[in-house]
Amino acid sequence: MPGQTSPSAQAAGPGGLTWDQLKTKFEAANPVLKEDQLLNVDEMKAEEVTAYLRPNPGFTVSTDGTQVVPYSGVWTPTKGTQVSPSVSYLHERQHKRELRLESAKEGTQIGVFGHEDLKRNMLFTLRSAFVQTLQAKAVLDLARADLEYYDQIIDISKTRFKAGDLAQIDLDRIELLRVQYETEIETAIVNLRTEKIQLLLLLNDRTPVDQFNVAGLFDFSEQLQPLDYFHQTALATRPDLQEAMETLQQSKTNHKLAISNGSTDPTFSGWYTYNPSFNNPNAHQTLGGSVSVPVRIFDRNQGEKQRTLIDIDRSQQLTDATTAQVFSDVDSSYEQLRSSISLLLPYKMQYRDQATRVRDTVTFAYQHGGASLMDFLNAQSDYRVVQLAYLQLVGSYMVAAGQLNLAVGREVIP
């Protein structure tokens, strides 16, 4: 029946990408996602290595005691030269390295959640373009079916005209109305090509538009889970909420690191001296050592401790605000989806069949002289309005379903 879901929109034809195939190709080829993966995930992962590096030891070679000018007529320049190679190492206390690594790992996880959130939003854009393409295909099928049906009416009207059963003016009016159907087809073709171009852009695909096609079920489901189910799922899966929670955890780790950085780190040094000029004439080769401890009277990292403490509170507020936004997004998208289902049900149960029945009945009556030309044209117009409105509502339902998936953070409605 014209206006119902077309076979081409239900099953994948040659070269037609299903939603799962389209999503897989998008995730592999979209340059924005790939750039974000490199910047916010791979680079952050590399910074974990830097964060866990130990301080480099220091190596010093010093000499002293070389005679540069004669004294009392004696000049033995290297006799008293002493050579001292030394090694020093800064020992970091209170788990500074471990805390730096923990903070870097949490930063990487924040980048992962941020990347997932970007993908979540871009998948919604992709799904909307996919739905609009399916809708454009369904509208084009409807327009073609309407034109085919109307051409049959024109053929019958010409037969009636030849038989003297129809006036020339009425035949002209019927034939003139055909231009509306032709216009609808051309408009539907342009809309379909436009949506395909949008999909190809998102896929970073150079396939010619005429060779590119998508396929999927263009329909709606009457079943809808309770609102609380979507709330709980969103709290567990929304990447922006997880990002906010991970940011809060990183703020706490950074505060611990600030406290640790306020502690004193000793520097241990050891050296070997050859030919020293000590009081011991037999001390020709000696060892020495030292421990250097900074006296942190003025700088105990007070500013960073206070800043990270404030950052914890800011991150907590951000988490609370994101949680509230999650509930708001789910509530609004759920209500939009529920409203779409409520509007679609009477069309599915009653209006579409009624429009078809009225059109066929009035057409039959007109062909047999039982209805006026105006009644016939009005019935044709009403049928097209109802069938087109149904397709638009199905498209709105599928976009609302994608909006709810976006709000929840994963596909809860296929």
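Numbering of residues begins at 1 and proceeds along the displayed sequence. It should be emphasised that the depicted structure is a prediction, and the values quoted were computed from it without experimental measurement.
- With a 6.0 Å radius and a threshold of 12 heavy atoms from other residues, nucleotides or ligands, E148 has its CD atom at or below the threshold.
- In the displayed structure, H284 atom NE2 is contacted under 6.0 Å by more than 12 heavy atoms of other residues, nucleotides or ligands.
- Under the 4.0 Å criterion applied to side-chain N and carboxylate O atoms, R238 and E243 are not assigned as salt-bridge partners.
- The pair E222-K348 meets the salt-bridge criterion, since a charged nitrogen lies less than 4.0 angstrom from a carboxylate oxygen.
- Between D117 and R120 there is a salt bridge, since a side-chain N of the basic residue sits under 4.0 Å from a carboxylate O of the acidic one.
- Under the 4.0 Å criterion applied to side-chain N and carboxylate O atoms, K196 and D210 are not assigned as salt-bridge partners.
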Step-by-step side chain to side chain donor-acceptor pair (under 3.5 Å) determination, S372 to D375: CA-CA 5 Å; S372 67; D375 291 336; 3.0 Å; yes

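- With F212 as reference, T207 is the one residue of I197, T207, T133 to meet the side chain to side chain contact (heavy atoms under 4.5 Å, CB included) rule.
- Ring geometry for Y351 versus Y347: interplanar angle over 60°, hence perpendicular rather than tilted (30 to 60°).
- Under a 4.0 Å N-O distance rule, the pair K45/D42 does not qualify as a salt bridge.
- With respect to the salt-bridge test (charged N to carboxylate O, under 4.0 angstrom), the residues E92 and R54 do not qualify.
- Closest approach of I174 and S157 over heavy atoms only: CD1-OG, 3.5 Å.
- Under the 4.0 Å criterion applied to side-chain N and carboxylate O atoms, E116 and K119 are assigned as salt-bridge partners.
- Taking the charged nitrogens against the carboxylate oxygens, R338 and E335 do have a contact shorter than 4.0 Å, which makes a salt bridge.
- Using a distance-only test at 3.5 Å, with no hydrogens or angles considered, a donor-acceptor pair links the side chain of T308 to the main chain of K305.
- Counting only distance, with no hydrogens or angles, the side chain of K137 and the backbone of A215 share no donor-acceptor pair below 3.5 Å.
- Ring geometry for W19 against F130 counts as tilted: the plane angle lies between 30° and 60°, on a 0 to 90° scale.
- Other residues, nucleotides and ligands place no more than 12 heavy atoms under 6.0 Å from the CD atom of Q223.
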Verdict with reasoning, Q316 to D320, per side chain to side chain donor-acceptor pair (under 3.5 Å): CA-CA 6 Å; Q316 181 63 62; D320 293 342; 3.1 Å; yes

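- Between D170 and R160 there is no salt bridge, since none of the side-chain N atoms of the basic residue sits less than 4.0 Å from a carboxylate O of the acidic one.
- Using a 30° and 60° split on the angle between ring planes, F327 and H231 fall in the tilted class, from 30° to 60°.
- Judged by distance alone, the side chain of S333 and the main-chain N or O of V330 form a donor-acceptor pair under 3.5 Å.
- Among the candidates T322, I110, D311, the single residue satisfying the side chain to side chain contact (heavy atoms under 4.5 Å, CB included) test with T247 is I110.
- Taking the centre of each ring, Y89 and F268 stay at or above the 6.0 Å mark.
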